[in-house]
Amino acid sequence: MTARTKLQSWQHLTNHADKMKDEHMNDLFAADEQRFNRFSLKVSGFLFDYSKNLITAETMQSLFTLARDCHLEEWREKMFTGERINQTEDRAVLHVALRDRSKSPLIVDGENLTEMVNSALEQINAFTQRVRTGEWLGYSGKRISDVVNIGVGGSNLGPQMVTEALKHYSDNCVNVHYVSNVDGTQIADVLRPLDPEKTLFIISSKTFTTTETMTNAQTAMKWLVASAFDENAIAKHFVAVSANKENATKFGIKEENIFDMWDWVGGRFSLWSAIGLPIALDLGFDKFIELLEGAHEIDQHFYNSPLEQNMPVIMALLSLWNCTFLGSQSQAILPYDQPLHMLSAYLQQAEMESNGKSVNWFGETVDYPTVPSIWGEIGINGQHAFYQYLHQSNNVVPADFIGSVESTTPVQGHHDTLMANFFAQTEALMGGVNETQVREDLKAKGRTQEYIDNVAPHKVHKGNRPTNTILMNRIEPRSLGGLIALYEHKIFTQGVLLQICSFDQWGVELGKGLANRIQQELTQDDVSNPHDNSTSELIKHYKHIKANS
Ligand code: G6Q
């Protein structure tokens with residue numbers, strides 16, 4: 001047994017889950033008229049309804065007891081005060097400091113992080129203004145019209161998701177593009193319509209060693225120099241965001257064009273740092289600050305609220321309940337706002353890279369499932385595709401439904417149709433339709449008994465499928481900042497509950513190393529490394545076709 005499974009509260013929840021598996025939410029709703037009030041929360045413009053989970057007051061009480069047994073409040077304090085809670089990399093975890101504009105000093109290892117953050121924000125502000133007002137000019141004296149962010153993973157997904165979500169707030173001073181894939185098709189497609197004289201590149205890489213990003217950056221530099229016929233043009237068209245100034249400078253980026261980031265900011269939590277530069281360029285610095293402020297409001301809520309009233313804590317406890325105790329293996333993220341179309345891809349990285357691990361803080365293999373796989377799509381599109389599985393498959397997939405009262409782009413007659421679906425789906429997933437109802441319905445429609453007997457079993461929806469509803473007023477920089485922060489703190493909380501090191505990513509590092517080794521084999525005839533039979537044959541086939549085509 002591991003430390004977690006030895007806890008009395010954990011064991012109690014295991015037994016309680018066995019009993020709850022026989023319950024149906026329809027009965028729980030019927031027995032309690034106050035169920036919504038009991039299991040919902042309003043914070044900073046977010047309404048969080050978690051009443052459509054297979055829970056009772058006892059379940060929640062037991063989960064809060066478990067959180068206290070796991071010393072969640074103490075871990076929360078450690079994060080906010082800069083203790084080195086990223087154990088395997090021996091680093092503090094302080095993305096919350098990036099959005100704290102209070103100016104009160106935060107001293108970590110003798111350095112005042114608040115000062116560092118504020119001066120980095122000033123640098124972002126000054127640069128953003130120069131580009132957006134046309135003071136920053138390209139090599140031929142033209143103003144910048146297009147910005148291409150080159151980066152991958154944490155140096156791409158956050159800024160791109162936010163740019164997409166807030167594109168209706170852009171004044172189109174500049175057009176922002178993203179290149180993350182080393183497949184040359186992507187950079188070729190992005191660069192084709194662009195004018196090198198008016199294009200600015202941001203090379204975003206915390207380590208400045210990531211092969212995909214370095215390869216794309218080199219291609220971008222060649223593209224620029226082929227037009228400018230002068231390497232001096234690079235200084236006017238390339239900036240970098242990196243914690244590795246030395247590598248960025250060696251690569252050819254001028255020191256004054258490098259924006260700092262720090263080892264206490266994890267890649268997947270970095271959009272609040274200069275990694276968010278494309279967001280500031282697209283929307284203007286003020287809106288970037290609103291995004292940070294929205295996140296800070298939720299940071300304060302998470303830091304100061306008791307566990308029972310704490311939205312991210314409850315989100316994490318429900319995920320633990322549904323997955324670790326009730327056995328669901330995946331979770332769907334289903335935004336109904338079109339602007340949030342990249343949210344599930346973003347959260348997939350945030351949650352799965354953070355907690356998709358099977359060894360605890362002490363290096364022991366855990367004896368419980370950790371986090372579910374995260375997947376999803378825009379809800380309406382999903383309804384006409386995979387919702388069949390959500391309603392009637394054997395696997396229960398808990399889902400987060402995320403929607404807004406107002407559309408960012410109101411078009412007569414659309415939003416109520418969208419939201420009618422939003423509400424209908426969680427109702428159907430919870431309530432289902434039993435066989436008696438199906439038979440009565442078919443009978444009322446005048447179907448024959450034979451038809452009813454054949455079809456009825458196929459039309460039964462068992463329901464009892466857990467969903468959370470997050471209802472916002474509207475997508476805007478502040479609310480989006482808050483929404484992301486809610487999930488970040490959910491992820492932190494899950495890590496503490498599961499005793500998982502949430503802030504490293506050794507699984508990502510392994511792939512990076514292996515690819516570098518194989519790349520030598522693909523590009524040099526005399527290099528051949530030992531591999532398993534399958535990998536050797538695949539490489540052989542690739543090289544053979546390539547050599548003969
Ligand atoms: C995020 C991960 C990973 C990382 C990318 C890019 O938390 O560490 O997704 O962001 O591998 O790394 P660089 O920013 O160092 O290029």
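The chain is numbered in sequence order, starting from 1. Source: prediction; values computed, not measured. Counting convention: from 1, in listed order, for ligands and their atoms alike.
Taking the six-membered ring where tryptophan is involved, the planes of Trp136 and Phe127 are perpendicular, since the angle between them exceeds 60° and thus also 30°. Phe325 and Trp321 have tilted rings, their planes meeting at an angle from 30° to 60° on a 0 to 90° scale. Taking the six-membered ring where tryptophan is involved, the planes of His489 and Phe302 are essentially parallel, since the angle between them stays under 30° and well short of 60°.
Some N or O of Ser205 is nearer than 3.5 Å to an N or O of ligand 1, by distance alone. Polar contact with ligand 1: absent for Val508 (N/O pair, distance under 3.5 Å). Considering backbone and side-chain atoms together, Thr207 places an N or O closer than 3.5 Å to an N or O of ligand 1.
Here Lys543 does not pair with Glu521 in a salt bridge; the nearest charged N to carboxylate O distance is not below 4.0 Å.
What sits closest to atom 12 (O) of ligand 1 on the protein, heavy atoms only, is Thr210 OG1, 3.5 Å. The closest protein non-hydrogen atom to atom 6 (C) of ligand 1 is Val152 O, 3.2 Å. Lys512 NZ, 3.0 Å is the protein heavy atom nearest to atom 11 (O) of ligand 1. The protein heavy atom nearest to atom 4 (C) of ligand 1 is Gly154 N, 3.8 Å. When only non-hydrogen protein atoms are considered, atom 9 (O) of ligand 1 lies nearest to Gln349 NE2, 2.8 Å. Scanning all protein heavy atoms for the shortest distance to atom 3 (C) of ligand 1 gives Glu353 OE2, 3.6 Å.
Within the 4.0 Å heavy-atom cutoff, Glu212 does not count among the residues contacting ligand 1.
With sequence neighbours left out, Pro105 forms a side-chain contact (heavy atoms from CB on, under 4.5 Å) with Ile107, Asn112.
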Side-chain donor/acceptor pairs under 3.5 Å, residues 158-165, sequence neighbours excluded:
from, atom 1, to, atom 2, distance (Å)
Gln160, OE1, Asn156, ND2, 3.2
Thr163, OG1, Pro159, O, 2.7
Thr163, OG1, Tyr178, OH, 2.6
Glu164, OE1, Lys167, NZ, 3.3
Glu164, OE1, His341, NE2, 2.8

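Under a 4.0 Å criterion applied to the non-hydrogen atoms of Lys206, ligand 1 contributes the atoms 13 (P), 14 (O), 15 (O).
Checked by atom type and distance alone, the side chain of Asn247 pairs as donor or acceptor with a backbone atom of Phe208 at under 3.5 Å. Side-chain atoms of Thr114 come within 3.5 Å of backbone N or O of Ser104 as a donor-acceptor pair.
By the criterion of a heavy-atom distance under 4.0 Å, the side chain of Gln505, and not its backbone, is placed next to ligand 1.
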